[in-house]
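Lettering follows sequence order; numbering is per chain, from 1.
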Amino acid sequence: MNGSKRSFGGGGGGRGKTGAQGAQQGKDGQRRPMFRRRKVCKFCADKIDDINYKDTKLLMPFVPERAKILPRRISGTCAMHQRKLRTAIMRARQLALIPYTAE
Amino acid sequence: MTRKYELVYIVSPEASDAQVAELHTQVEQIAQRLAGTIEKTDNWGRRKLAYEIGPHKEGTYVLETINGSGELMKEIDRRLKVSDLIIRHLVVRVDEEETVIERVRNRRTETMRRRRVARGLPPDRQPGEGQRGDVDDDRDDRFDLNEGLER
């Protein structure tokens, strides 16, 4: 289960970053107006089992400016890991490691 | 029934080192009285809080890993709530999650080994083989590095 996901991630990542949209207009651009990079769950790809509330470095990318939790549709995190991420973020917030809001 | 808990508490920045140490001994005493043990204590030192808690902008974080019963943690929780020096605390039960993580890790190495054998390779990775994506060592040091920077 993990193996297949990983290989997908590797392929998608290699094909092009989001910045490659403009360069890839061609026939692809006509069929689909925008080329989106396949989103991959960071925790599945990097095989991070333990989403710990103490690890602020890991959690910070998932709470952008306004300090709201980044939704799954944007981050691409899988359901299981999003759940774990949520509890971790909420615990970290209680301990004032991560803000609840930004101003 | 002993369980494993993690307790993190934030001590007011005005507290002296001696007072922080005293809080630790208090926790230890409660643990001893109710048949628990403290596995590990970790003082993260003074850190800036992500938001202000009352008048405080920083605090001293202390992490304790405690083996003990639910009643013990209840008592510690009650005592910490009462204490004036402690501005925030959190108790989390960790034993169940740890076993789950362990199981997931084991299962992953198992499947990886099986696949490697099926491909006619030795079950363990040889040094200097394959690309980065194939790293089988999921306890890689990236995590530890992060933690090291934190403290």
Side-chain angles (χ1 to χ4, degrees), chain A residues 1-15 38 40-69 78 80-81 83-103, chain B residues 6-10 42 44 47-54 56-59 61-63 65 87-92 94 97-112 114-116 118 131-140 142-151:
Chain A
M1 150 217 188
N2 259 315
S4 64
K5 263 190 192 152
R6 201 196 324 139
S7 57
F8 245 117
R15 218 179 294 132
R38 191 194 152 79
V40 167
C41 172
K42 178 188 156 60
F43 304 102
C44 290
D46 293 359
K47 290 189 255 172
I48 300 171
D49 305 304
D50 180 19
I51 306 182
N52 198 308
Y53 62 97
K54 286 167 287 180
D55 191 355
T56 356
K57 285 254 162 53
L58 181 72
L59 303 179
M60 277 324 264
F62 294 92
V63 281
E65 300 134 76
R66 299 294 307 193
K68 290 182 166 193
I69 300 177
C78 71
M80 183 186 78
H81 284 127
R83 264 192 321 265
K84 292 186 175 168
L85 185 66
R86 177 170 160 270
T87 45
I89 289 174
M90 293 198 314
R91 282 173 185 171
R93 277 177 175 167
Q94 277 186 33
L95 287 172
L97 299 170
I98 284 179
Y100 280 98
T101 57
E103 299 318 293
Chain B
E6 270 180 5
L7 163 71
V8 184
Y9 53 86
I10 311 174
D42 192 358
W44 298 356
R47 303 178 45 132
K48 213 170 161 295
L49 302 176
Y51 50 88
E52 291 166 29
I53 302 177
H56 305 294
K57 286 186 176 161
E58 359 178 79
Y61 284 72
V62 183
L63 166 75
T65 315
I87 51 183
R88 195 64 59 100
H89 70 277
L90 178 74
V91 175
V92 180
V94 289
E97 259 174 58
E98 273 176 3
T99 48
V100 169
I101 288 164
E102 197 58 34
R103 215 181 302 142
V104 169
R105 260 187 199 140
N106 288 340
R107 200 182 303 151
R108 178 153 51 224
T109 42
E110 278 302 304
T111 38
M112 201 224 27
R114 218 171 334 108
R115 284 202 185 124
R116 283 182 63 92
Q131 339 85 318
R132 202 223 130 255
D134 269 350
V135 180
D136 57 13
D137 180 19
D138 48 43
R139 294 174 163 277
D140 61 2
R142 199 172 5 168
F143 233 62
D144 305 337
L145 213 147
N146 279 351
E147 276 182 7
L149 285 173
E150 290 283 309
R151 272 145 218 180

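For a residue to count as touching a neighbouring chain, one of its non-hydrogen atoms must lie under 4.5 Å from one of that chain's; by this rule B:V94 does not touch chain A. Only the side chain of A:Y53 comes within contact range of chain B, with at least one heavy atom under 4.5 Å from a heavy atom of that chain. No part of B:E98 comes within reach of chain A, as not one of its non-hydrogen atoms sits under 4.5 angstrom from that chain. In this structure, the portion of A:R93 lying under 4.5 Å from any heavy atom of chain B is its backbone and not its side chain. For B:I10, the part sitting under 4.5 Å from any heavy atom of chain A is the side chain, from C-beta outward, and nothing else. Of the atoms belonging to A:L95, heavy atoms from both backbone and side chain fall under 4.5 Å from chain B. Residue B:Y61 touches chain A through its side chain alone, counting heavy-atom pairs closer than 4.5 Å.
Top candidate by heavy-atom pairs under 4.5 Å with chain A, chosen from B:R107, B:E97, B:R88, is B:R88. With chain A as the partner, the residue from B:E6, B:K48, B:E52 showing the most heavy-atom pairs under 4.5 Å is B:E6. Of the listed residues B:I87, B:L90, B:I53, B:T111, the one with more heavy-atom pairs under 4.5 angstrom with chain A than any other is B:L90.
Contact check for A:I51 versus A:L59: side-chain heavy atoms found under the 4.5 Å cut-off. At least one side-chain heavy atom of A:D46 sits under 4.5 Å from a side-chain heavy atom of A:K42. Taking 4.5 Å as the limit, some side-chain heavy atom of B:W44 sits within range of a side-chain heavy atom of A:K54. Considering only heavy atoms from C-beta on, A:Q94 stays 4.5 Å or farther from B:V92 through its side chain.
When all heavy atoms of A:D49 and B:V104 are compared, the pair lying nearest together is OD1-CG1, 3.5 Å.
Rounding to the nearest 0.5 Å places CD1 of B:I101 at 11.5 Å from CD1 of A:I48. Considering CZ of B:R115 and CD of B:E110, their distance stands at 12.5 Å, rounded to 0.5 Å.
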